[in-house]
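Given the structure is predicted, the values throughout are model-derived calculations rather than measurements.
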Amino acid sequence: HTKAFFIPHPSANPLNAQDVAYELVASTKDLSTVIFNCFDGGTKLVIKDEIVANLICEIQTKLEMIEAILPMAFNDGEA
């Protein structure tokens, strides 16, 4: 999904990519907390299941974006 719209900026460098990866991980962790809070006692869903499904889809997208940016985040420019 993300390969279709993930295009790094021409002047981007590993530090830029690391910043983006960090922010994506932080926001994904926040989403996982939100999803956990959608359950009462960790077992009973207390909101519409459609909302949880959308949050899970958002987490999946963020994980795919992290996967796409990790090689750049740890590349020093040498192939």
Asker: In Å, rounded to the nearest 0.5 Å, how long is the span from CG of L24 to CD1 of I69?
Answerer: 6.5 Å
Asker: Output every pair passing side-chain hydrogen bond (donor to acceptor under 3.5 Å, both in side chains) with a member in residues 13-26, not counting sequence neighbours, ordered by first then second residue.
Answerer: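 Checked against side-chain hydrogen bond (donor to acceptor under 3.5 Å, both in side chains) - neighbours excluded - the pairs reaching residues 13-26 are N13-N16.
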Asker: Nearest 0.5 Å, what's the CD1-CG distance between I59 and D30?
Answerer: 10.0 Å
Asker: Give every donor-acceptor pair under 3.5 Å between a side-chain atom in residues 31-50 and any protein atom, sequence neighbours left out.
Answerer:
from: S32; atom 1: OG; to: K29; atom 2: O; distance (Å): 2.7
from: T33; atom 1: OG1; to: K29; atom 2: O; distance (Å): 3.3
from: N37; atom 1: ND2; to: T33; atom 2: O; distance (Å): 3.2

Asker: OG1/T61 to CD/E58 distance, rounded to the nearest 0.5 angstrom?
Answerer: 7.5 Å
Asker: Where do P71 and A68 come nearest, in terms of heavy atoms and distance?
Answerer: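 In terms of heavy atoms, the two residues are closest at CD-O, 3.5 Å.
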Asker: Looking at every heavy atom in both P14 and A73, which two are closest together, and how far apart are they?
Answerer: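 Closest pair (atom of P14, atom of A73, distance): CB-O, 3.6 Å.
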